[in-house]
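Reviewing the structure listed below.
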Amino acid sequence: MALTATGKVKTTRKSLRSDAVQVGEWVMTDSRGGEVDTTRTDTADVKFRKGAITIKGYVKRASDSRESFLITNNTGRRITRVRMLMRYSDTEGSMIHEREVSVACELKDGETRQVSVASFDKHRAFYYYAGDKPRKRATPFVVQVRILSYDIPVENPEY
């Protein structure tokens, strides 16, 4: 039996950057155009507040079938799911697409995790404006995220 040594196979991707691009967030408004109070108390000790969940580091190249971003939990509790509304627009501000996304993610307080979701761009004709410009013809877009809800599990249920 003969053993042969092979060289190392490099499995890491080149040209990865750690640019922390903050994803835009828009203000919730009511039917009269007034700003909605998002600091309302949902339970006696849990509040839905702006900044409780942070989305950053968004990546979507023209050739990607998935969108990736980082989710940070600033709620003070463990969370298991984040539901968000994602609005995609061109660089002039015209809306391209809007959808609701639910991401299962087990995050302790203060923890950050990279997640990915299937892309809205089925034909791979768009790329995120802050990323690398593709060689093929594609349209840049901007994404804004509104956090709709997050799940806080019951830690010690008593039945």
Side-chain angles (χ1 to χ4, degrees), residues 8-31 33-40 42 46-152:
K8 287 185 177 180
V9 176
K10 196 168 189 175
T11 59
T12 56
R13 289 173 38 194
K14 297 177 186 176
S15 74
L16 287 179
R17 296 187 322 227
S18 63
D19 297 344
V21 177
Q22 186 69 34
V23 175
E25 184 176 341
W26 73 91
V27 178
M28 298 170 91
T29 56
D30 60 19
S31 60
E35 189 172 326
V36 174
D37 179 17
T38 57
T39 60
R40 71 188 189 283
D42 293 329
V46 179
K47 294 183 179 178
F48 182 85
R49 58 182 169 74
K50 187 173 182 176
I53 305 294
T54 306
I55 308 292
K56 61 184 176 184
Y58 182 88
V59 176
K60 197 285 185 195
R61 296 176 305 210
S63 60
D64 292 343
S65 62
R66 300 194 65 78
E67 302 169 28
S68 299
F69 47 91
L70 301 169
I71 295 181
T72 302
N73 175 10
N74 305 308
T75 64
R77 306 277 182 109
R78 183 171 66 97
I79 63 170
T80 56
R81 180 174 303 278
V82 177
R83 197 171 58 105
M84 60 191 86
L85 187 64
M86 300 181 81
R87 179 181 290 171
Y88 306 89
S89 55
D90 64 18
T91 53
E92 272 86 58
S94 298
M95 191 170 84
I96 298 169
H97 186 71
E98 184 176 273
R99 68 183 179 149
E100 191 175 302
V101 177
S102 184
V103 179
C105 55
E106 181 87 20
L107 290 170
K108 296 176 188 170
D109 180 41
E111 193 173 48
T112 299
R113 179 161 295 144
Q114 182 179 22
V115 297
S116 67
V117 295
S119 179
F120 79 98
D121 179 22
K122 303 297 182 202
H123 299 288
R124 299 178 184 174
F126 295 94
Y127 70 96
Y128 185 56
Y129 81 101
D132 295 332
K133 188 172 181 179
R135 291 183 203 160
K136 73 176 198 172
R137 187 174 170 165
T139 305
F141 70 91
V142 176
V143 63
Q144 293 178 302
V145 177
R146 180 190 303 162
I147 303 300
L148 299 174
S149 66
Y150 47 85
D151 293 351
I152 299 174

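Values below: all heavy atoms of this structure, side chains included; hydrogens, waters and symmetry mates excluded. Quick caveat: nothing in here was measured; it's all calculated off a predicted structure.
In this structure, L107 and I53 have side chains that are not in contact, with every pair of non-hydrogen atoms separated by 4.5 Å or more. Residues R61 and P134 have side chains not in contact (no heavy-atom distance under 4.5 Å, counting atoms from C-beta outward). Here the side chains of F69 and V59 are not in contact, with every heavy-atom distance at 4.5 Å or above. Between V145 and V101 there is no side-chain heavy-atom pair separated by less than 4.5 Å.
Taking both residues in full, the closest heavy atoms of V82 and M84 are given as CG1-CE, 3.7 Å, listed atom of the first, atom of the second, then distance. Scanning both residues, I71 and C105, for their nearest heavy atoms gives CD1-SG, 4.2 Å. Nearest heavy-atom pair, V103 versus V117, reported as atom, atom and distance to 0.1 Å: CG2-CG1, 3.8 Å. Contact record, R99 with E67: NH2-OE2, 3.2 Å, taken as the closest heavy-atom pair.
For the atom pair OG1 of T139 and CD1 of I96, the computed distance is 7.0 Å after rounding to the nearest 0.5 Å. Atom OG1 of T72 is separated from atom CD1 of I55 by 7.5 Å, given to the nearest 0.5 angstrom. Summarising the geometry, atom CG belonging to L70 is positioned 11.0 Å from atom CZ belonging to R113; distances are rounded to the nearest 0.5 Å. Summarising the geometry, atom OG1 belonging to T80 is positioned 4.5 Å from atom CG belonging to D151; distances are rounded to the nearest 0.5 Å. Annotation: the span from M86 atom CE to Q144 atom CD amounts to 11.0 Å, rounded to 0.5 Å.
When only modelled atom types and interatomic distance are considered, N74 and T54 share a side-chain donor-acceptor pair under 3.5 Å. No side-chain donor-acceptor contact under 3.5 Å links S68 and S116. For the 3.5 Å distance criterion, the side chains of D121 and S119 fail to qualify, holding no donor opposite an acceptor.
No more than 12 heavy atoms of other residues, nucleotides or ligands shown are found within 6.0 angstrom of NZ on K133. Within a 6.0 Å radius of NZ in K136, more than 12 heavy atoms belonging to other residues, nucleotides or ligands are found.
Not counting sequence neighbours, the partners of F120 by the ring-ring contact (aromatic ring centres under 6.0 Å, His included) test are Y88, H97, F126, F141. Residues passing the side chain to side chain donor-acceptor pair (under 3.5 Å) test with R83 are E100, S149, sequence neighbours excluded. With sequence neighbours excluded, the residues that form a side chain to side chain donor-acceptor pair (under 3.5 Å) with E106 are R78.
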